[in-house]
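Take a look at the structure below.
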Amino acid sequence: MSQEKFLYRHIGPSDSEVPAMLETIGVESVDDLIAKTLPENILLKRVLRLPKSQTEHEYLKHIWEIAQKNLVYKSYIGLGYYNTITPSVILRNIFENPSWYTSYTPYQAEISQGRLEALLNFQTVVMELTGMPIANASLLDEATAAAEAMMMFYNSRTSAQAENRVLKFFVDKNSWPQTIDVLRTRALPFEIEVIVGDYKTYSLGNDFFGALVQYPGADGIIHDYSGFIQKAHEKEIQVAVAADILSLTILVPPGNIGVDAVLGSTQRFGIPMGYGGPHAAYFAVTEKYKRAIPGRIIGVTKDVHGLPALRLAIQTREQHIKRERATSNICTAQALLAIMAGMYAVYHGKTGLQHIALHIHRSASTLAHKIEALGYEVVSKNIFDTIEIRLPHEVTSDELQRIAEERMINLRYEAKNTVFISVDETTTIDDLNVLLDLFAVAIFKKYQPIESLEHSLSFDNMHLRDDDYFTQDIFKLYSCETEMMRYIKKLERRDISLTQSMISLGSCTMKLNAAT
Amino acid sequence: MLPLSWPEFQCIHPFAPLDQVEGYHQLLNRLGKWLCEITGMSQITFQPNSGAAGEYTGLYIIHKYHESKNEHQRKIVLIPSSAHGTNPASAAMAGLKVVVINCDDNGNIDFNDLKEKANQYKEELSCLMLTYPSTHGVFEEQVKDIIDYVHSLGAQVYMDGANMNAQVGLTSPGTIGVDVCHLNLHKTFAIPHGGGGPGSGPVCVAEHLVEFLPTHPLAAVGGQKGGTAVSASPWGSALIAEISYAYIAMLGAEGLAEATKYAIFNANYMAARLKKKFKILYTGKNGFVAHEMIIDCREFKKMADVSEIDIAKRLMDYGFHAPTVSFPVHGTLMVEPTESESKQELDRFIDAMFAIYEEIEEIASDKYPKNDNVLKNAPHTAAHVASDSWAHPYSRQKAAFPLSWIQENKFWPACGRTDDAFGDRNLVCSCSPIDEYRKSL
């Protein structure tokens with residue numbers, strides 16, 4: 001085998017080792033073994049039609065050429081996906097580190113304490129920010145997390161509701177369109193009727209078992225759901241809030257207004273958009289749902305020496321034990337991304353995260369006022385990071401899109417006269433001025449550049465978070481890179497991954513994950 | 001994997017206009033075609049973000065198909081008792097009723113039981129969920145007959161992709177005759193496991209199901225009669241698709257087939273050596289295993305009160321992660337070495353298993369008591385071994401350095417064996433109270 005070929009690097013046994021192994025097995029050749037192992041009537045009997053193999057070096061050139069065909073426009077689309085900065089200490093020490101990315105689901109607790117602690121941190125971050133007492137160690141994405149909430153509520157209906165076949169689930173119209181779509185999919189087999197409406201005006205009847213609202217809404221507005229939740233609870237309707245985790249660093253958390261479940265994406269916590277994923281969704285519930293919650297939960301226990309230790313908790317809910325009676329089919333979740341998101345929060349701490357959230361909010365509100373000054377109507381008040389702009393009749397969204405794309409900018413265009421802008425952690429004052437420029441050009445006006453961000457908050461004071469959170473040491477000890485690097489290394493050393501030894505898990509195929 | 005850190009792959013919004021993402025679509029289209037060629041299927045959806053999500057999606061596609069033929073009543077799914085737990089859990093999520101099919105003494109699907117149950121429910125039969133080679137680590141000889149039989153009743157056949165690493169380039173779901181299969185790109189196609197995710201579970205379908213692939217509200221994907229979305233993003237976890245793309249591009253057709261052969265070769269080498277001390281539960285008709293094998297540990301319980309869990313924990317002292325424990329058969333270990341492990345690494349693992357076998361024999365012969373021995377007390381932490389008090393009947397060296405090569409690359413487990421029941425009784429799932437917790441212990 002040529003050493004240049006990737007196959008040579010991918011296959012473990014070397015040419016010199018094979019003869020002895022064949023002898024041990026008692027076959028003439030590898031092909032002889034295959035002929036004696038696979039039934040004759042299922043053989044493919046031809047070579048797969050695939051391109052000629054590339055060497056690693058050739059491949060990197062090839063994939064670089066493909067990469068150049070993705071044009072990196074500055075995205076202000078929002079809808080649950082934002083630009084974010086992965087701290088380099090996390091990028092190099094976790095995302096690009098095989099000791100973290102080649103390990104397995106931590107069923108074997110004693111050699112998994114590192115990532116178990118990292119995932120416990122993730123849960124702590126979620127619990128602290130949502131104001132909920134229990135969180136899991138991630139779900140697949142925000143939309144499926146919403147569907148899991150719906151199903152958890154469906155299975156937790158009161159006996160009267162179940163008896164009367166109460167099957168309606170309310171979704172506020174300001175939820176992400178992709179979330180609503182996935183809810184419909186998952187509702188189908190159980191004849192659940194997904195009703196999309198306006199939470200402000202819709203009157204929930206006794207024929208509803210659950211509801212979902214988005215916080216802040218897809219319209220960018222920080223809605224006050226407390227009245228809605230209270231009314232729902234009076235009718236024993238369970239309520240979930242899909243919340244922007246970053247906004248919760250400065251906004252009143254859903255847990256404080258009595259919701260039953262909070263869920264969302266943690267993509268904004270340093271996980272690249274990556275054209276849709278992977279990112280970790282979070283899922284938090286009240287005490288009542290302790291045994292009904294889907295997915296993996298990391299819990300504290302003690303070891304045989306009486307010392308604290310971590311492991312997967314209440315596995316008796318899970319598919320590998322309960323099979324068709326499990327609370328979900330979650331096996332693989334988003335561990336690596338949850339670990340990174342948790343570390344992002346650990347690294348920034350409360351002050352850092354609040355600084356990021358406030359910077360985003362101030363950027364959005366400064367931009368909103370400046371765009372308004374140009375003569376546009378800014379529809380949304382009381383916002384966190386997203387502004388809704390109504391275009392005057394002389395500007396169409398098509399025209400605006402053309403001007404924006406010339407500047408390599410993507411906005412969210414809805415209908416002919418509505419545009420949304422979601423700003424994020426990466427947005428600078430220069431970026432805001434480019435945005436302002438394009439809105440000015442579209443209506444043939446000049447603009448006053450932004451020199452500094454407005455300091456005052458543009459949302460109602462009642463939404464401002466004033467309770468204490470992140471009081472744990474974990475959020476205070478690792479703000480300098482040296483400490484962070486050592487903390488990541490400390491956890492890494494507690495785990496067995498493919499960097500230590502073979503992981504011979506049956507039906508899991510822990511093969512080489514090539515660096516190229 | 002290197003390109004995953006490049007901005008051209010990282011900084012792209014999933015709802016960006018298509019003319020900006022030609023690179024991603026070239027990659028996804030090619031990868032989709034390659035995976036269809038590998039599976040012998042016609043079309044693919046990348047939406048599902050895990051194998052289990054893929055199972056759900058496959059069942060959803062099958063449901064749409066039956067619905068199109070006005071056969072709404074087809075809501076029963078046949079699942080062999082050896083199936084992974086996600087199969088029945090996904091079926092329940094899809095609103096289907098699970099009927100379990102027994103396995104025979106050789107670990108194969110009991111064809112007579114299948115016929116009987118399939119016939120009993122033939123009007124309501126939606127599909128059979130199959131894993132191939134079976135989770136018992138064997139290429140079942142009668143798989144085609146089983147599939148033909150299920151098809152003859154108007155039902156579909158779903159294949160779980162967990163064991164695709166024994167098929168690629170040698171056979172395929174399409175060749176075998178299944179209608180839908182998911183792939184675990186994070187197993188067979190080299191995406192790392194990430195400590196429990198990310199996964200990627202695209203679903204491939206045969207021609208007659210292409211029009212039922214799921215759609216998405218913000219992108220033109222899926223079939224004309226496809227249902228609503230199964231994931232937030234139209235192309236699932238697009239970023240990591242690059243890893244599987246690289247894997248196939250760099251191996252090519254012959255390399256993929258070689259990889260499969262060596263996966264089976266490595267497994268059979270291990271089986272050939274391990275069977276000198278351990279009972280391999282199931283083998284094919286010529287006495288060979290597929291790409292994995294089940295080691296029966298139940299006799300050790302009688303011999304020395306040693307369980308499969310004790311062996312799993314003891315392997316940690318030797319620096320190894322345990323094989324799969326008690327699945328699909330209780331009291332066993334399931335070992336899958338993959339093609340990527342060298343002879344020296346396989347030998348190290350086998351040596352560790354042989355050494356553990358001797359340790360079990362020592363207990364069986366009463367050299368060490370059944371309740372205080374290296375297996376029951378495993379894993380041994382550094383603090384435990386270095387402690388000033390040592391009251392065990394075996395030496396510290398035996399505890400931590402049972403074989404000479406361990407010294408050179410010792411891995412110390414971070415804690416002793418965990419008490420699962422205690423933690424479940426006192427559920428704490430945040431790091432806040434650890435200090436208080438420590439005091440309370």
Heavy-atom distances under 4.5 Å only: say whether [X] touches chain A with side chain, backbone, both or neither.
X        : value
B:Ser231 : both
B:Asn409 : both
B:Leu4   : both
B:Glu336 : both
B:Tyr60  : side chain
B:Ser237 : both
B:Lys343 : both
B:Ala53  : both
B:Pro3   : side chain
B:Pro379 : side chain
B:Ala94  : backbone
B:Val289 : backbone
B:Glu55  : neither
B:Ile38  : both

Can you tell which of [options] has the highest number of heavy-atom pairs within less than 4.5 Å of chain A?
options                                : value
B:Pro413, B:Ala162, B:Pro217, B:Gly284 : B:Pro217
B:Gly255, B:Ala249, B:Gly252, B:Ala92  : B:Ala249
B:Pro14, B:Ser50, B:Ser172             : B:Pro14
B:Met316, B:His291, B:His384           : B:Met316
B:Pro214, B:Gly137, B:Ser233           : B:Ser233
B:Tyr247, B:Phe327, B:Phe349           : B:Tyr247

Within this structure, what is the [atom1]-[atom2] distance for the pair [X] and [Y], rounded to the nearest 0.5 Å?
X        : Y        : atom1 : atom2 : answer
B:Lys261 : A:Asp31  : NZ    : CG    : 4.0 Å
A:Gln68  : A:Glu65  : CD    : CD    : 8.5 Å
A:Leu307 : B:Cys415 : CG    : SG    : 9.0 Å
B:Ser90  : A:Arg323 : OG    : CZ    : 11.0 Å

Smallest heavy-atom separation, B:Leu346 atom then B:Pro337 atom, equals CD2-CB, 3.7 Å

So, for A:Lys5 and A:Ser53, which heavy atoms are closest and what is the spacing to 0.1 Å?
CE-OG, 4.4 Å

Are any of the side-chain nitrogens in [X] or [Y] under 4.0 Å away from the carboxylate oxygens of its partner?
X        : Y        : result
A:Lys511 : B:Glu341 : no
A:Glu318 : A:Arg296 : yes
B:Lys313 : A:Glu110 : yes

Ring geometry between B:Tyr245 and B:Trp34 (parallel below 30°, tilted from 30 to 60°, perpendicular above 60°)
parallel

If the plane angle is over 60° it's perpendicular, under 30° parallel, otherwise tilted; pick one for A:Tyr81 and B:Phe15.
perpendicular

Using non-hydrogen atoms only, which part of [X] is less than 4.5 Å away from chain B: side chain, backbone, both, or neither?
X        : value
A:Glu405 : side chain
A:His62  : side chain
A:Arg186 : both
A:Leu512 : both
A:Thr179 : neither
A:Asp141 : side chain
A:Arg311 : side chain
A:His10  : both
A:Ala135 : backbone
A:Ser75  : side chain
A:Ile180 : neither
A:Tyr275 : both
A:Trp64  : both
A:Ala313 : both

Residue pair A:Glu96 / B:Ser5, side-chain heavy-atom distance below 4.5 Å
yes

Would you say that B:Tyr56 contacts B:Thr86 through its side chain, given a criterion of any heavy-atom pair below 4.5 Å between the two side chains?
no

Pick from [options]: which one has the most heavy-atom pairs with chain B under 4.5 Å?
options                      : result
A:Ser103, A:Ala143, A:Gly80  : A:Ser103
A:Glu142, A:Met273, A:Met151 : A:Met273
A:Thr316, A:Asn41, A:Asn83   : A:Asn41

Test log, rule side-chain contact (heavy atoms from CB on, under 4.5 Å), inputs A:Cys508 and A:Tyr104:
CA-CA 9 Å; A:Cys508 298; A:Tyr104 186 64; 3.1 Å; yes

Has A:Gln500 got more than 12 heavy atoms of other residues, nucleotides or ligands less than 6.0 Å from its CD?
yes

Start with the C-alpha distance between A:Met510 and A:Ser504, add both sets of side-chain angles, then the distance that settles side-chain contact (heavy atoms from CB on, under 4.5 Å), and finish with yes or no.
CA-CA 7 Å; A:Met510 304 290 287; A:Ser504 62; over 6 Å; no

Aromatic B:Phe288 / basic A:Lys36 pairing, under 6.0 angstrom, 45° off normal:
no

List the residues meeting ring pair (Phe, Tyr, Trp, His ring centres under 6.0 Å) with B:Phe265, not counting sequence neighbours, and say none if there are none.
B:Tyr262

Using the rule side-chain hydrogen bond (donor to acceptor under 3.5 Å, both in side chains), only one of B:Glu8, B:Gln26, B:Gln20 pairs with A:Lys69; which is it?
B:Gln26

Examine B:Phe411 together with B:Phe320 and report whether their ring centres are nearer than 6.0 Å.
no

Do the side chain of B:Thr135 and the main chain of B:Thr131 share a donor and acceptor less than 3.5 angstrom apart?
no

